[in-house]
Amino acid sequence: MSDTFLPGSGFDTYEEQDKVLVGLCGGRGCRAAVRILQQQGFAVAGAVVRLTDADDTVQAAKDAAKALGIECVTLNASELASQLAEEALPGDLRFPALLAAADRLGIQYIATGHHARVETDADGVSHLLPAADAASDESAALAALPQETLARLILPLGDFSPEDVAEMAAE
């Protein structure tokens, strides 16, 4: 795949070297999300939320981060649960945990490998939109996110089909 396939100059309104904390799970979607964000000029760091002591996702995320050449921090869900419970989607501490970690690290944006899009209107209000590929759309799972989260959330996979994501992740 050529680099012209990936979003580049003119695609976004972010400043060169803005920082973004990407929620990693080790899957191909996360890998492709990191690659797209790097193409857009972001300084990318990764984070993984440890749900249990026997969580294989942590090692997979750390391996993916190493392969991508980015730092990866581990966030412990049990420590975050009480302080973040009010902000979380039912059963999901990922977004509040990413935001809390980003704040501690001085990082403005967070990102995940969800297939949906966030657009900001002329009044500065962020709106969650379905993915360009309706078959892979995950916007319904994110519909309860508050405006404060949407304003800081970047969903780089929302404009791509699963086949495009697989191709990017393979490179």
Side-chain angles (χ1 to χ4, degrees), residues 1-12 14-80 84 89 92-118 131-133 135-139 141-142 145 149 152-171:
M1 174 175 56
S2 72
D3 284 339
T4 57
F5 178 77
L6 296 175
S9 56
F11 178 80
D12 57 59
Y14 304 106
E15 296 296 322
E16 183 74 20
Q17 286 303 299
D18 272 345
K19 295 178 182 177
V20 63
L21 185 64
V22 178
L24 294 177
C25 65
R28 68 182 184 187
C30 294
R31 292 172 189 250
V34 168
R35 181 157 183 240
I36 292 167
L37 292 165
Q38 288 172 328
Q39 280 279 322
Q40 292 175 334
F42 282 99
V44 179
V48 59
V49 178
R50 180 190 317 267
L51 300 174
T52 66
D53 287 336
D55 193 349
D56 294 336
T57 304
V58 174
Q59 191 56 51
K62 289 188 173 284
D63 292 345
K66 184 175 181 180
L68 292 163
I70 63 171
E71 179 183 348
C72 182
V73 296
T74 302
L75 310 172
N76 290 312
S78 60
E79 295 173 13
L80 298 167
L84 300 176
L89 294 175
D92 191 350
L93 289 172
R94 187 174 7 202
F95 291 99
L98 283 174
L99 287 169
D103 289 342
R104 283 194 303 265
L105 297 169
I107 296 175
Q108 167 135 10
Y109 300 106
I110 63 168
T112 69
H114 286 91
H115 288 266
R117 297 175 293 147
V118 176
D133 181 275
S136 64
D137 179 45
E138 297 176 299
S139 60
L142 306 176
L145 289 174
T149 300
R152 295 178 63 186
L153 180 61
I154 300 170
L155 299 170
L157 302 185
D159 291 319
F160 299 99
S161 71
E163 296 79 22
D164 295 337
V165 171
E167 188 177 337
M168 284 184 265
E171 288 189 353

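Bear in mind the structure is a predicted one, so any value in this text is a computation, not a measurement.
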Beyond-backbone contact of T112 with L98, side-chain heavy atoms, under 4.5 angstrom: yes
In Å, rounded to the nearest 0.5 Å, how long is the span from CZ of R94 to NE2 of H114? 4.5 Å
Go through it in stages, so that I can follow the logic: the residues are I70 and V22, the test is side chain to side chain contact (heavy atoms under 4.5 Å, CB included), and I'd like the CA-CA distance, side-chain angles, deciding distance and then a yes or no. CA-CA 10 Å; I70 63 171; V22 178; 5.7 Å; no
Gap separating the CG atom of L21 from the CG atom of L75, nearest 0.5 angstrom: 7.0 Å
For a 4.5 angstrom cut-off between non-hydrogen side-chain atoms, does N76 reach R50? yes
Considering all heavy atoms of both residues, which atom of C30 and which atom of G23 are nearest to each other, and what is their separation? SG-O, 3.5 Å
Side chains of L37 and Y109: does their closest heavy-atom pair fall under 4.5 Å? no
Side chain to side chain contact (heavy atoms under 4.5 Å, CB included) between L155 and L142, worked out: CA-CA 11 Å; L155 299 170; L142 306 176; 3.9 Å; yes
Residues V20 and I110: closest non-hydrogen pair is CG2-C, 3.8 Å
For A97 and V49, which heavy atoms make the closest approach, and how far apart are they? CB-CG2, 4.0 Å
From CG (D164) to CD1 (I36), nearest 0.5 Å: 9.0 Å
Distance-only, no hydrogens or angles: does the R152 side chain make a donor-acceptor pair with backbone N or O of Q108 under 3.5 Å? yes
Minimum heavy-atom distance between L157 and V165, given as atom pair plus value: CD2-CG2, 4.0 Å
Minimum-distance pair of heavy atoms, taken over all atoms of C72 and A65: CB-CB, 3.5 Å
Hey, does the side chain of D18 reach the backbone of F42 with a donor-acceptor pair shorter than 3.5 angstrom? no
Going through the distances and angles, do V34 and L24 end up as a side chain to side chain contact (heavy atoms under 4.5 Å, CB included)? CA-CA 9 Å; V34 168; L24 294 177; 4.1 Å; yes
To the nearest 0.5 Å, atom CG of L68 lies from atom CD of Q38 at 6.5 Å
Working to the nearest 0.5 Å, report the span between CZ of R35 and CD of Q40. 12.0 Å
E71 CD: over 12 foreign heavy atoms closer than 6.0 Å: no
Taking every non-hydrogen atom, the tightest pair across M168 and A32: CB-CB, 4.0 Å
